[in-house]
Amino acid sequence: TIGFIAQLERAALSQNSLTGPIPTEFGLCTALRGIVLYDNLITGAIPPEISTLTKLETLQLARNSIAGSIPPFGSLTLMRTLEMNSNLLTGCLPAGVGGKTGLPKI
C-alpha cells in the first residue's frame with residue numbers, strides 16, 4: 001500500500017480515472033508536501049488522516065465525486081493550494097486552513 005512509502009513527498013495522480021476512496025494510508029506518508037488527485041473518479045469522504053500531514057502544502061482534489069464534510073485542517077499551516085471544486089462536499093471550509101496568512105490559492 002501507499003503507506004509503506006513513508007518518504008513520499010508528492011503523490012501526483014491526476015487524470016488517471018482512479019476510482020474508489022482516497023486511501024487512509026496517505027496519513028502514514030509523513031513527508032507528503034503535495035497530493036494531486038484532480039480529474040479522477042474518486043468517491044467517498046476526505047479521510048481525516050490527511051489532517052495529520054503537517055508538511056502538506058498542496059491538496060488538489062477537484063473534479064471528482066468526493067462527498068461529505070471537509071475535515072478540520074487546522075494543523076496544516078503550510079497549506080498554500082487547496083482545490084476541492086466540482087465535488088459533492090458539504091459545509092464550510094474549516095477555520096485555520098492555511099495558517100495566519102491564509103491560502104493564496106483556493
Side-chain angles (χ1 to χ4, degrees):
T1 69
I2 199 163
F4 289 119
I5 310 172
Q7 297 306 311
L8 182 67
E9 291 188 11
R10 183 170 169 86
L13 301 166
S14 61
Q15 301 175 326
N16 279 293
S17 299
L18 298 176
T19 61
I22 298 169
T24 58
E25 291 85 2
F26 271 129
L28 300 174
C29 301
T30 56
L32 264 177
R33 296 184 184 279
I35 299 174
V36 182
L37 298 173
Y38 64 84
D39 288 333
N40 279 296
L41 303 169
I42 296 170
T43 57
I46 299 170
E49 290 82 358
I50 298 290
S51 64
T52 66
L53 299 172
T54 56
K55 296 180 181 178
L56 197 63
E57 299 172 359
T58 301
L59 181 60
Q60 294 176 296
L61 304 175
R63 295 177 299 281
N64 282 289
S65 294
I66 300 168
S69 60
I70 301 167
F73 289 143
S75 62
L76 303 183
T77 56
L78 298 177
M79 181 81 71
R80 294 295 169 250
T81 301
L82 178 61
E83 295 178 3
M84 298 187 292
N85 58 292
S86 300
N87 278 295
L88 305 169
L89 296 167
T90 58
C92 298
L93 188 64
V97 173
K100 296 179 182 175
T101 60
L103 285 167
K105 185 175 182 180
I106 295 183

Discussion item. Please check: side-chain N/O of Asn85 versus main-chain N/O of Ala62, any donor-acceptor pairing under 3.5 Å?
Written reply: no
Worksheet item: Got a sec, which residues hit salt bridge (Lys or Arg N to Asp or Glu O under 4.0 Å) with Arg33, two or more places apart in sequence or on another chain?
Response: Glu57
Worksheet, complete the sentence: Nearest heavy-atom approach of Phe73 to Ile46 is CZ-CG2, 4.2 Å
Worksheet entry | Test log, rule side-chain contact (heavy atoms from CB on, under 4.5 Å), inputs Ile66 and Leu88 | CA-CA 6 Å; Ile66 300 168; Leu88 305 169; over 6 Å; no
Worksheet item: Sub-3.5 Å donor-acceptor pair from the side chain of Asn40 to the main-chain atoms of Ser17, do we have one?
Response: yes
Response to the item:
Rounding to 0.5 Å, atoms CD (Glu83) and OG (Ser14) come to a distance of 10.5 Å
Response to the item:
Minimal heavy-atom distance between Met79 and Thr81, with the atoms involved, is SD-O, 3.4 Å
Worksheet item: Are Leu41 and Phe26 connected, step by step, through hydrophobic side chains (Ile, Leu, Val, Met, Phe, Trp, Tyr) whose heavy atoms are closer than 4.5 Å?
Response: no
Fill in: Nearest non-hydrogen partners of Asn87 and Leu61, listed with the distance
ND2-O, 2.9 Å
Worksheet item: Are any of the side-chain heavy atoms of Thr58 and Ile35 separated by less than 4.5 Å?
Response: no
Worksheet item: Do the non-hydrogen side-chain atoms of Ile42 and Thr19 ever get within less than 4.5 Å of each other?
Response: no
Worksheet, complete the sentence: Here the gap from Gln7 atom CD to Leu32 atom CG, rounded to the nearest 0.5 Å, amounts to 10.0 Å
Item to complete: Compare every heavy atom of Thr24 with every heavy atom of Pro47, then report the nearest pair and how far apart it is.
Response: CB-CG2, 3.9 Å
Fill in: Flag side-chain contact, heavy atom, 4.5 Å: Leu56 against Ile50
yes
Worksheet entry | Closest non-hydrogen atom pair between Ser51 and Pro72, with its separation | CB-O, 3.0 Å
Item to complete: Each residue besides Tyr38 in its hydrophobic cluster should be listed here, by chain and number; the cluster joins Ile, Leu, Val, Met, Phe, Trp and Tyr at side-chain heavy-atom distances under 4.5 Å.
Response: Val36
Discussion item. Let me confirm one number: the CG-CD1 distance from Leu13 to Ile22, rounded to the nearest 0.5 Å.
Written reply: 11.0 Å
Practice prompt. Measure from the side-chain N and O atoms of Asn64 to the backbone N and O of Leu37, and report whether any donor-acceptor pair falls under 3.5 Å.
Written response: yes
